[in-house]
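Reading through the structure tokens given below for one structure.
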Amino acid sequence: MYPFVTIGSYHIELTGMGIIACFLVFMIVSYIRCRATLLPFHKLFYALPGAIALVYGWGSYMDFVLRFGSILPRSFHDLYYIILPESYAFHASGMIIGFIMFMLIFINQQSGWLMKYKRVDLLFVSLMSGITVMGFFLVLGDDMIGISTESRMGIYALTPVSEVAKFNSVYPVWLFLSIASLLSLIISIWWKRYTAWPGRWYAWWWTFLFLFSIVLLFQHYPKHVVIMIFDMRYDINQYICRIVSSISFLRYFWIRAKTSQQMTQRIVPIIIPENS
């Protein structure tokens, strides 16, 4: 919509600014949460390069595989495309896989159930805060835009050099993403206040991934392995989001049922003797 701003002779892309803003907000919120929950911030700080490498690498690699239909790079150009994808060509499903791998590695390195719980809470709150801020920048950027629409929710190009100018109007898909992440954050705060069941963080991720899969339906991007359901085009992004979301949903209720059963078994029945 307004892809870059010019300061002197420099062009600053707003998509890149959104990614930087997301990272900074993630770091600030993580630091504040670490101080509040008495967690060592340096452990997360040292783990972040691995997280970035996994999310970046899997997002780029998945886009390469789906775009060129090759599992391994066959030339220097293919390798260059994976390392430095053009126009932020990261596939959402690959980024989800990369982040899940980081979560499993990082959380399993923590000692004790309570420590793992605090780390999951920290990552969720920090990530949702960063994505909420990033979404506003991506609405202005040109690298990821929504599908064409004639509805009142549509947005228009603010400059003729914008990719949005090729359409009459498009959905503000990344504003939807900001709303989805903010809504997920609010739901998690409510969940923590009104339920004490272990494993509730699975419910948080289930909520966000389900909303994220809906958001991606409104994005304009090359779709693969497509099926049509009620005039909506579902592709591999929706499959990955829904599968991980369903696993999180089932895992949450399994932990809840198991914990409830254990608590019931610990209740010692009181037997009142009959009067003789």
(Q) Taking side-chain hydrogen bond (donor to acceptor under 3.5 Å, both in side chains) as the definition, give me every residue that meets it alongside Asp78, ordered by chain and number, with sequence neighbours left out. (A) none
Q.
Centroid separation under 6.0 Å, is that true for the rings of Tyr56 and Phe90?
A. yes
Q: Taking the six-membered ring for Trp and the single ring otherwise, decide whether the centroids of Tyr252 and Trp206 are under 6.0 Å apart.
A: no
Please tell me if the side chains of [X] and [Y] come closer than 4.5 Å, counting only heavy atoms from C-beta onward.
X: Phe249; Y: Tyr202; result: no
X: Met103; Y: Trp205; result: yes
X: Ile83; Y: Ser60; result: no
X: Asn168; Y: Glu150; result: yes
X: Leu138; Y: Ile145; result: no
X: Ser184; Y: Phe124; result: yes
X: Val65; Y: Ser70; result: no
X: Leu127; Y: Phe208; result: no

Q.
Checking Ile97 now: which residues fulfil side chain to side chain contact (heavy atoms under 4.5 Å, CB included) with it, not counting sequence neighbours?
A. Trp58, Met62, Met101
Where the side chain of [X] meets the backbone of [Y], is there a donor-acceptor pair that is under 3.5 Å apart?
X: Thr149; Y: Val170; result: no
X: Ser213; Y: Cys241; result: no
X: Tyr61; Y: Ile71; result: yes
X: Gln110; Y: Met115; result: no

Q) With a 3.5 Å cut-off and no angle check, do the side chains of Ser181 and Thr132 form a donor-acceptor pair? A) yes
Q) Side chains of His77 and Ser75: is there a donor and an acceptor less than 3.5 Å apart? A) no
Q | CZ/Arg242: more than 12 non-hydrogen atoms of other groups inside 6.0 Å | A | yes
Q: Could you tell me which residues satisfy ring-ring contact (aromatic ring centres under 6.0 Å, His included) with Phe64, sequence neighbours excluded, listed by chain and number?
A: Phe68
Q.
Tell me every residue that passes ring-ring contact (aromatic ring centres under 6.0 Å, His included) with Phe210, counting only those two or more places apart in sequence or in another chain.
A. none
All N/O donor-acceptor pairs, side-chain side in residues 33-55, below 3.5 Å, sequence neighbours left out:
from	atom 1	to	atom 2	distance (Å)
Arg33	NH2	Asp121	OD2	2.3
Arg35	NH1	Tyr31	OH	2.9
Thr37	OG1	Arg33	O	2.6

Q) Are Phe99 and Phe26 joined in one hydrophobic group, where the rule is that I, L, V, M, F, W and Y side chains link up if heavy atoms are under 4.5 Å apart? A) yes
Which atom pairs, one a donor and one an acceptor, fall under 3.5 Å between side chains of residues 214-230 and the rest of the protein, sequence neighbours left out?
from	atom 1	to	atom 2	distance (Å)
Tyr221	OH	Asp235	OD1	2.8
Tyr221	OH	Asp235	OD2	3.1
Tyr221	OH	Asn237	ND2	3.1

Q | Sole residue of Val29, Ile32, Ile131, Ile28 in side-chain contact (heavy atoms from CB on, under 4.5 Å) with Ser126 | A | Val29
